[in-house]
Amino acid sequence: MEYEVVIGMETHVELDTHSKMFCACSARFFGAEPNTNVCPVCLGMPGALPVINKRAVEFAMMVGLALNCRIARHTFWERKSYWYPDLPKGYQISQYQYPLAYDGWLDVDVRDLSTGNWSEESVRRRIRIRRAHLEEDTGKLIHVGDKSYVDYNRSGVPLLEIVTEPDIRSADEAYAYLSTLQQIVRYLGVSTGDMEKGAMRCEPNMSLRPKGSDAFGVKVEIKNLNSLRAVREAIAYEIRRQTALLERGEAVQQVTMGWDENRGVTVVQREKESAHDYRYFPEPDLPPLEVDEAWLEQVRRRVPELALARQDRYRRDYGLSAYDAVQLTGDRAVAEWFEQVVAAEPSEGSDRRALAKAAANWIQTEIFRLMKAGGIPLAEIASIKPTPRQLAELIGLVDRQVININTARQVFEEMFATGADARQIVEAKGLAQVSDVDALRQVVSDVIAAHPNQVQQYLSGQEKVFGFLVGQAMKATQGKGNAQLINRLLREALKS
Ligand code: ADP
Ligand code: MG
Ligand code: ZN
């Protein structure tokens, strides 16, 4: 029998606010000495009172809006009670009955990643978002030998939990969903989204069912996934494991599993306890959360155009390939930089599509290469030289055949190093392309005179020798010759 996998994703995103969810301690705890980043509130001391971090609420609203959710106008906080040493209060402040955001969706482009090669083809899938609610992170247990230690630096860091409907149908789709979500929180600037550092943690819930059925099978939840690659591998492994069970006529047990990165297998962490009783009840120390239209509108204005929308626009308006569009929108700063180049006036006889294509090429080749060599992260593209306007000018010089593309690369390196305008460099170094017909005609006839054998070969039908002769002429102009013109003059001269 053929089976279909059904996956629903639960994702926790740490919000990158200055302070914690309900106290003034820093939310940026990474690398700090254990238990130095704490106060009576996040240590759960009796009598300490929480205060809502407005910025965290706004960040959560931004994610909700980006995920096409409805934003609740009236919500309140609830205590989710359970006991664990990393939870000093004995409860977590969360939202249960009324999540801040709910009933949304996220469109993702799913590509076949099994070959390891880029695929221009993709399938667009819509994953429904059930809810996104705010809560606070727990502390961290550290196990050393037979001892366990607890670090409360993370206790109380704002956490957004995002839960999908069971709409994901493959490991590639799960990957597409998570990488798109990660990109969104980075575009919004609300989280680093770093899975390796635990700033984004995801738990796929998955089950199998006979293909064509619409009933749901028994689900398994997978934890401990700290990279996108681990997510794909764990899901692929679980599909094989559950398929084998079902094919043997055995039942899948409802359990929580952990991913063992080293062995590449899932292992049972705990059997399904009888449904947790978290004894949710309204948090008496915090006022309800009211979101009015004016506030929502103000937050809405802070949500930028997201990567997928930009990709569609670049492909439609500028005829870029899917690959180029994905590369240019990977980082919001790069996309904005690209758009500033394209906003410049295209040179005469050219158009915005050509300008966009040239900009896309420059960014993906020279700019990415030189930024990488200089150790500049892509997010800091705004700090490089040339400016977008200066690059547009360089593109214009190539368009108008003032310089050829090889010279342009040389000029670009100089612009990157010094910040000078392309025009200045071309003038100062005498790099302008030679388009003087008489001068080039002389060059061409010199080349013909100097290479009688090659000319003979060309005339007897060896077309590829033509390229050699063009190369000789270019060399004679120190690479500055107008290649198109040289081509034409050479053909003419050889004909006569
Ligand atoms: P739980 O109470 O066990 O956490 P929920 O109903 O809250 O379960 O769902 C948690 C996640 O699991 C959601 O993303 C949901 O879409 C997904 N899910 C629920 N049932 C199934 C199933 N049978 N197979 C796969 N995913 C499921
Ligand atoms: Mg769950
Ligand atoms: Zn604190």
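Side-chain atoms are counted along with the backbone in the values below, which use heavy atoms only and exclude waters and symmetry mates. Both counts, for ligands and for their atoms, begin at 1 and track the order of listing. Just so it is clear, the structure is predicted and the values come from calculations on it, not from any experiment.
- For an aromatic pair to be called close, the ring centres must be under 6.0 Å apart, and Y314 with F338 satisfies this.
- Distances between N or O atoms of P166 and those of ligand 1 include at least one value under 3.5 Å.
- Taking the charged nitrogens against the carboxylate oxygens, K140 and D151 have no contact shorter than 4.0 Å, which rules out a salt bridge.
- Counting atoms of ligand 1 from 1 in the listed order, those under 4.0 Å from a heavy atom of V163 are 13 (C), 14 (O).
- Checked by atom type, the side-chain pair E135/H133 shows a donor-acceptor distance below 3.5 Å.
- For the 3.5 Å distance criterion, the side chains of D172 and S170 fail to qualify, holding no donor opposite an acceptor.
- A donor-acceptor contact closer than 3.5 angstrom is absent between the side chains of E78 and Y98.
- When E203, M9, R130, E165 are ranked by how near their heavy atoms come to atom 5 (P) of ligand 1, first place goes to R130.
- The cationic group of R128 does not satisfy the cation-pi geometry with W105, failing either the under 6.0 Å distance to the six-membered ring centre or the 45° limit from the ring axis.
- Listed here is the closest heavy atom pair of R73 and D292: NH1-C, 4.3 Å.
- Taking every heavy atom of G8 and a limit of under 4.0 angstrom, the matching atoms of ligand 1 come to 14 (O), 16 (O), 17 (C), 26 (N).
- The F216 neighbourhood of ligand 1 comprises atoms 23 (N), with distances under 4.0 Å to a heavy atom of that residue.
- When only interatomic distances are considered, the shortest N/O to N/O separation between G217 and ligand 1 falls below 3.5 Å.
- Using a 4.0 Å cut-off between charged nitrogen and carboxylate oxygen, E161 and R131 do not count as a salt-bridge pair.
- E120 places a side-chain N or O within donor-acceptor distance of the main-chain N or O of A322, the cut-off being under 3.5 Å.
- Where the criterion is an N or O separation shorter than 3.5 Å, residue side chain and backbone included, T164 meets it with respect to ligand 1.
- Protein contacts to the Zn ion (ligand 3) involving N, O or S atoms at a distance below 2.8 Å are C23 SG, C25 SG, C39 SG, C42 SG.
- Residue-ligand proximity, S207 to ligand 1, at heavy-atom distances under 4.0 Å covers atoms 22 (C), 23 (N), 24 (N), 25 (C).
- By the 6.0 Å and 45° rule, K80 does not stack over the aromatic ring of Y96.
- Contact annotation for N205 and ligand 1: heavy atoms of both the backbone and the side chain come within less than 4.0 Å of the ligand.
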